Amino acid sequence: MKKIGINIILVVVICFLVCYPMSNIFNNYFHNNLDVSLKPNWILSKKNQHFDFGVLGSSRVINLVDIQAIEQKNKNEGINLGVSGTGLAESYILLSKFLKNGNSIDTLFLEINPNLLNAEMSFSLPFHPYFYFQYIKEDEIGEVYKDCVPDLKYYLWRFVPMASYFEYNNFFPLAAVIKNNKQVALNDFDKFDGSELMKGNEFAGLIKLEEKKLGINDIDKKYLLKIIDLAKAKKIPLIAYTAPELKEIGKYEQGRKAVYYEIYKILENKKIDYHNFSSVVSDTLYFRDYLHLNENGIKQFSNIMADSLFANPILP
């Protein structure tokens with residue numbers, strides 16, 4: 001038994017001696033070779049840039065807000081910081097890292113809706129851990145991991161970094177590191193200022209959805225407040241809004257009014273200006289599904305945003 005114990009200790013020591021140098025190599029390689037065709041990496045790649053405005057949120061930002069249409073109408077420069085399928089915790093990371101990278105925003109618009117306050121119910125993976133492994137030792141990023149992944153995974157990824165790269169090897173190919181391939185930075189986000197707009201005017205129809213009861217998750221509420229506090233700490237005026245949605249969604253999502261009421265209370269308490277655009281576009285001709293606009297709807301809503309939000313006197 002003693003010999004077996006010694007052998008186990010030797011294996012563990014060898015693993016650590018091998019894994020730590022390897023993790024540093026992986027960290028350096030993927031830090032310098034971000035795949036910017038993936039939206040979070042594109043945001044993380046931005047350095048020392050100034051924008052008149054930024055828009056933060058999930059698919060109802062990246063796919064619905066035409067930054068260039070707003071720029072053309074208001075003669076300013078913006079960036080779309082939205083990422084599909086992300087909850088408020090990941091949005092907080094992206095905003096925090098974006099600002100730490102020397103970028104600045106005059107005004108931040110945050111899309112908020114009942115689904116974001118219970119992200120685990122609304123998204124298949126509201127936090128995508130593989131985009132931020134190299135920052136896991138940073139206190140505020142580590143806090144998100146602790147809140148959003150099981151404890152065992154957090155401590156394994158934190159103290160045995162190669163475990164994270166092995167687990168998500170499809171995102172971190174060993175062959176690329178060995179060959180030291182320089183990835184070509186190809187993406188359309190630069191062309192459209194971070195927007196990835198829906199094309200076509202197809203409507204999926206008022207299909208029957210799985211019913212669910214909405215509520216407010218403590219973690220999601222925590223990161224809504226952290227986004228607000230971060231903006232205030234950086235002296236960035238923050239304006240919250242809700243993008244258009246078909247009222248028929250209420251048939252399948254119980255408790256929407258109660259969640260909206262809680263959102264109102266949180267924003268009012270924090271003295272955050274809020275614009276509810278949930279019903280400004282209501283005809284199904286402008287929708288792709290219950291919660292996303294089609295191409296014509298995007299044009300209409302972007303004009304509404306440009307006229308309504310940018311009329312606020314705090315904006316330059």
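Keep in mind that the numbers below use all heavy atoms, side chains included, and drop hydrogens, waters and symmetry copies. Just so you know, these numbers come straight off a predicted model, no measurement behind them. For reference, positions follow the sequence shown, starting with 1.
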Do M121 and L214 touch side chain to side chain, with heavy atoms closer than 4.5 Å?
yes
Rounded distance [0.5 Å steps], CG in L110 versus CG in L95:
9.0 Å
Are the side chains of H50 and D52 in touch, meaning some heavy atoms are under 4.5 Å apart?
yes
Using the rule that two of Ile, Leu, Val, Met, Phe, Trp, Tyr join whenever any of their side-chain heavy atoms come within less than 4.5 Å, decide whether Y261 and L224 are in one cluster.
no
D220 (side chain) donor-acceptor with A119 (main chain) under 3.5 angstrom:
yes
Could you verify whether a donor N or O on one side chain and an acceptor N or O on the other, from S302 and D66, lie under 3.5 Å apart?
no
More than 12 heavy atoms from other groups under 6.0 Å of OH on Y286:
no
Partner residues of N113 under the side-chain hydrogen bond (donor to acceptor under 3.5 Å, both in side chains) criterion, sequence neighbours left out
E111
Could you tell me which residues satisfy ring-ring contact (aromatic ring centres under 6.0 Å, His included) with Y92, sequence neighbours excluded, listed by chain and number?
Y223
Close side-chain approach of V259 to N118, heavy-atom, < 4.5 Å
no
Single-linkage hydrophobic cluster, 4.5 Å side-chain cutoff, Y130 and W42 together
yes
Would you compute the distance between atom CG of L309 and atom CD1 of I70 and round it to the nearest 0.5 angstrom?
7.5 Å
Closest heavy-atom pair, A163 versus L156, reported as atoms and distance to 0.1 Å, is CB-CG, 3.7 Å
Which residues satisfy the side chain to side chain contact (heavy atoms under 4.5 Å, CB included) test with K73, sequence neighbours excluded?
N303, A306, D307
Quick check against the 3.5 Å criterion: does K39 have a side-chain atom that pairs as donor or acceptor with the backbone of G194?
yes
With sequence neighbours left out, write down each residue that passes side-chain hydrogen bond (donor to acceptor under 3.5 Å, both in side chains) with Y260, or none if nothing qualifies.
E245
Search all heavy atoms of L206 against all heavy atoms of Y290 and return the closest pair with its distance.
C-OH, 3.2 Å
Quick test of your reading of the model: are D190 and K46 salt-bridged, counting only N-O distances below 4.0 Å?
yes
Work out which heavy atom in D35 is nearest to a heavy atom in S37; give both atom names and the distance.
OD1-OG, 2.5 Å
Any L225 side-chain heavy atom under 4.5 Å of I266 side chain
yes
Donor-acceptor pair, distance only, cut-off 3.5 Å: does the side chain of N63 make one with the backbone of E196?
yes
Does some side-chain heavy atom of C148 sit less than 4.5 Å from a side-chain heavy atom of E90?
no
Would you please test F127 and D147 for side chain to side chain contact (heavy atoms under 4.5 Å, CB included) and show each step?
CA-CA 10 Å; F127 173 57; D147 286 336; over 6 Å; no
List the atom of W157, the atom of P129, and the distance in Å for their closest heavy-atom pair.
CZ3-CB, 3.7 Å
CG of L230 to CG of L99: how many Å apart, nearest 0.5 Å?
5.5 Å
In chain order, what residues pass the salt bridge (Lys or Arg N to Asp or Glu O under 4.0 Å) check against E262, with sequence neighbours excluded?
K265
List for me each residue that meets side chain to side chain contact (heavy atoms under 4.5 Å, CB included) alongside E211, sequence neighbours excluded, and say none if there are none.
K208, Y252, Q254
Residues that S84 engages under side-chain hydrogen bond (donor to acceptor under 3.5 Å, both in side chains), provided they are two or more places apart
none
Can you find a pair of side-chain heavy atoms, one from M305 and one from L64, that are under 4.5 Å apart?
no
Please assess K226 against E140 for the test salt bridge (charged side-chain N to carboxylate O under 4.0 Å, His left out), listing each intermediate value before the final yes or no.
CA-CA 10 Å; K226 286 181 76 71; E140 58 188 11; over 6 Å; no
Measuring from atom CD1 of I93 to atom NE2 of H128, what distance do you get when rounded to the nearest 0.5 angstrom?
11.5 Å
Aromatic plane relationship, Y168 with F133 - under 30° parallel, 30 to 60° tilted, over 60° perpendicular:
tilted
When rounded to the nearest 0.5 angstrom, what distance separates CZ in F53 from CG in N80?
9.0 Å
E120 CD: over 12 foreign heavy atoms closer than 6.0 Å
no
Any chance NZ of K222 has more than 12 other-residue heavy atoms, nucleotides or ligands included, within less than 6.0 Å?
yes
Residue set satisfying side-chain hydrogen bond (donor to acceptor under 3.5 Å, both in side chains) with N41, at least two apart, ordered chain then number -> none
Does any N or O in the side chain of R256 come within less than 3.5 Å of the main-chain N or O of P114, such that one atom is a donor and the other an acceptor?
no
Is there side-chain contact between Y145 and R158, with at least one heavy-atom pair below 4.5 Å?
no
Heavy atoms from other residues, nucleotides or ligands near CG of D283 exceed 12 (cutoff 6.0 Å):
yes
Backbone N or O of E268 within a donor-acceptor pair of the K271 side chain at under 3.5 Å?
no
Ignoring hydrogens and angles, write down the donor-acceptor pairs under 3.5 Å from the side chains of residues 232-242, residues two or more places apart or on other chains.
unit_1: K232; atom_1: NZ; unit_2: K270; atom_2: O; d: 2.6
unit_1: T242; atom_1: OG1; unit_2: I112; atom_2: O; d: 2.7
unit_1: T242; atom_1: OG1; unit_2: Y274; atom_2: OH; d: 2.5

Could you work out, with ring-ring contact (aromatic ring centres under 6.0 Å, His included) as the rule, every residue matching F301, not counting sequence neighbours?
F277
Check: E295 side chain, K199 main-chain N or O, donor-acceptor pair, under 3.5 Å:
no
How about L81 and I105: do any of their side-chain heavy atoms sit closer than 4.5 Å?
yes
With E77 via salt bridge (Lys or Arg N to Asp or Glu O under 4.0 Å) - residues at least two apart:
none
Taking the side chain from T86 and the backbone from S91, do they hold a donor-acceptor pair closer than 3.5 Å?
no
K97 to Y132, cation-pi by 6.0 Å centre distance and 45° axis angle
no
Output yes when a side-chain donor or acceptor of D193 lies under 3.5 Å from a complementary backbone atom of I79, and no otherwise.
no
For V160 and Y155: C-alpha separation, side-chain torsions, deciding distance, then whether side chain to side chain contact (heavy atoms under 4.5 Å, CB included) applies.
CA-CA 8 Å; V160 189; Y155 288 110; over 6 Å; no
Would you say N74's side chain and N76's backbone share a donor-acceptor pair under 3.5 angstrom?
no
Here the gap from I298 atom CD1 to H292 atom NE2, rounded to the nearest 0.5 Å, amounts to 9.5 Å
If we ignore angles and hydrogens, is there a donor and acceptor under 3.5 Å between the side chains of S308 and H275?
no
Looking only at non-hydrogen atoms, find the nearest pair between S124 and P126 and report the distance.
C-CD, 4.0 Å
With F287, which residues qualify under ring-ring contact (aromatic ring centres under 6.0 Å, His included), at least two apart?
none
P244 versus V280, closest heavy-atom pair with distance:
CG-CG2, 4.1 Å
